[in-house]
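Protein chains get the first letters and strands the later ones, always in sequence-line order, with residue 1 at the start of each.
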2 protein chains.
Amino acid sequence: MAVTMNDVARAAGVSLKTVSNVLNDYEFIRPATRQRVQDAIAELGYEANLTARSLRSGKTHMLGLVLSDLAAPYYAELASRLMTTAERRGYRVLVEQSGALEANELGALQDPLRQLTDGLLFTPLVMGADAVVSHRGTKPVVLLGEHILGPRLDLVTMRNQDAAQALTAHLLAGGRRRIAVLGAQPGESAGSAGLRLNGYRSALEDAGVPFDPALVAPGEWRRDGGAAAVAGLLERGVPFDGVFGLNDALALGAMHELLVRGVKVPRDVAVVGFDDIDEARFSSPSLTTVAPGMDEIAERSIGLLIDRIDGLEARVDGVHAEAGFVLKIRDSAP
Amino acid sequence: MAVTMNDVARAAGVSLKTVSNVLNDYEFIRPATRQRVQDAIAELGYEANLTARSLRSGKTHMLGLVLSDLAAPYYAELASRLMTTAERRGYRVLVEQSGALEANELGALQDPLRQLTDGLLFTPLVMGADAVVSHRGTKPVVLLGEHILGPRLDLVTMRNQDAAQALTAHLLAGGRRRIAVLGAQPGESAGSAGLRLNGYRSALEDAGVPFDPALVAPGEWRRDGGAAAVAGLLERGVPFDGVFGLNDALALGAMHELLVRGVKVPRDVAVVGFDDIDEARFSSPSLTTVAPGMDEIAERSIGLLIDRIDGLEARVDGVHAEAGFVLKIRDSAP
DNA sequence: CTGAAAGCGCTTACAG
DNA sequence: CTGAAAGCGCTTACAG
């Protein structure tokens, strides 16, 4: 079998505890003793057994990450960054996909696999705040996004409303007056969709442009959802000269559909998205969008979660953090 | 603390072993006994401690997945599918990014974290076969992709050469004669790049078109790599009427760069990629590419790895599996 | 069919 | 500064 701490202790002529002390950087060890132990470790090629360590210590140094779909570009980029950030802090990330199904979101929260993590980064798309609070268990949970806002929940988010308002204002400044919104219900006011829609409405109001619910088209936040939503508007004969996809995937799908149907972008219709995924720089035309501070979101959510795990952050109320955003003006809406 | 098996045993009036038997679906238990145990489990809300189970059994029911970058669309889509497939078989996937750096690839292979997995899916981009063989350790490793071909290594791959040949033949049939290749060195013959380049050359040969090394441009397999590679060709004044991006990201980046510079696609230059990522359907123009059987790759690699773990697959030589491919003709190269 | 015991490889009070 | 002992919560031979 593998080399154990016992083997190391025997080889170094010390007790188990002393080996453990060396391994855990305990301060008060005689240098000579420490050296003997380290030599024995090197010679035997000893490697700590992580499972045994977890069983005894109750710590795993893993963080869970629950998101709807890792194949969605925004989540893929976010997950990649979260993993890099966590690694720098000595943690690994275990990803789970919920498919944006309420049963799976609840399942992820109650999954026995949470035993293998010290805390959870959770992006609930359908679960309500109360349900999260009552099922989150005893380990720290930090929410990403904003479907859910509960005073008792930690949350790291982006400036959805302000960024959406800035995007819409940009379209209005370019002379657009009938701006379709893709990915929301007309009356929606909660969650990322609702907040972004609010921002859109504020910008309209500021410009004295009336809100037309006929311009709001629901759709899955994917490329095919954007294509279908814009196709629906065209087929219903709703006139528009701008499109705001509530995320880049929606906007890119919509842009494709417009171009296929011979509608020129941006001449006939200007298009903007939200997220600034890498693809936005390389679409044709390139996509005007907003960069929601993904690095900051990754940094702060990992930091907050680890602080909760370590007990460095002990506020009973939820901590709320919000990243800054940057408008990215490109060719789809110059 | 949490409810343990001991608590359950006491509540049910049986021994620890009997509880364990019930939990592990041991066959020969008196129905009444099983019932009493199950009632106790339900009543106490007992949940098995996965760490303790792993420590004792040596199994974790986790698979490692090492890839270069989770934010790359092909890998994001692959990882998503591998996770779904593994879950159906009772396994979870722990992802690690190597950044395509040899040190990180080696690090992933030797990472203590491998203790937490029963086997590894590994996509080496720079490591050689010998290095993998000598550092893979004792647990099963299945390779994805083909930078590496060693008779002693399990490998699940795609038909790189045949698919590349079919794509190139399609461009040739459309009358293109000077087809640039992005993402390879002119003399490359190993790895995905080499195999795809071989396919390209076979198709040229079949058509009696001479191979021109000046048409082969290296570049990172990303959108920006494709844009830079095609810009280089244009600036060097190399004439071409077709572009084969060795993956979709390269092709999409190149297409963007061409369009920005006023080169019409497909009129002036036809563009094809490789992978059939979701984005390929929604670019403008949509991208002609090849779907390399990702579902099949996910299914077979997970299946093979689990068979190795369970000892159901015991061949000493590496098992090699190859998924089928489908050409996707779209507007960038009709 | 079920039980009592050992042990997976660590960390953690408790002594000294 | 270091040691001997207990124990985290399971599974696994070994008996019977």
Measure from [atom1] on [X] to [atom2] on [N] and round the result to the nearest Å.
X       : N      : atom1 : atom2 : answer
B:Glu47 : D:dC10 : CD    : P     : 10 Å
B:Asn49 : D:dG7  : CG    : C1'   : 13 Å
A:Asn6  : D:dA4  : CG    : P     : 11 Å
B:Leu55 : C:dG7  : CG    : C1'   : 9 Å
A:Gln35 : D:dT2  : CD    : P     : 13 Å
B:Leu44 : D:dG9  : CG    : P     : 14 Å

| field | side-chain N/O A:Thr33 vs D:dT2 OP1/OP2, d < 4.0 Å | value | yes
| message | For a quick test of reading the model: is some side-chain N or O of B:Thr4 closer than 4.0 Å to OP1 or OP2 of D:dG9? | response |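 Negative; the distance criterion is not met.
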| message | Quick check on A:Glu47: does its CD atom have over 12 non-hydrogen neighbours (other residues, nucleotides or ligands) under 6.0 Å away? | response |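 Yes, the 6.0 Å shell around CD holds more than 12 heavy atoms from other groups.
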Show the nearest heavy-atom pair for residues [X] and [Y], with the distance to one decimal.
X        : Y        : answer
B:Leu94  : A:Val93  : CD1-O, 3.5 Å
A:Pro292 : A:Met158 : CB-SD, 3.5 Å
A:Leu153 : A:Ala129 : CD1-O, 4.1 Å
B:Ala40  : B:Ala12  : CB-CB, 4.0 Å

| query | With a 3.5 Å cut-off and no angle check, do the side chains of A:Thr51 and B:Gln115 form a donor-acceptor pair? | reply | no
| From the list D:dT2, C:dC8, C:dC10, which nucleotide is the closest neighbour of the side chain of A:Tyr46? | C:dC10
| According to the Watson-Crick and G-U wobble definitions, with both distances under 3.5 Å, which nucleotide is paired to D:dA13? | none
| C:dA4: pairing nucleotide in any strand, Watson-Crick or G-U under 3.5 angstrom | none
| request: Report, as a single string ordered 5' to 3', how protein heavy atoms within less than 4.0 Å touch nucleotides 11-16 of chain C: B base, S sugar-phosphate only, - not at all. | output: BBB---
| request: Give a yes or no on whether a salt bridge exists between A:Glu96 and A:Arg114, defined as a side-chain N under 4.0 angstrom from a carboxylate O. | output: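 Looking at A:Glu96 and A:Arg114, the cut-off is not met.
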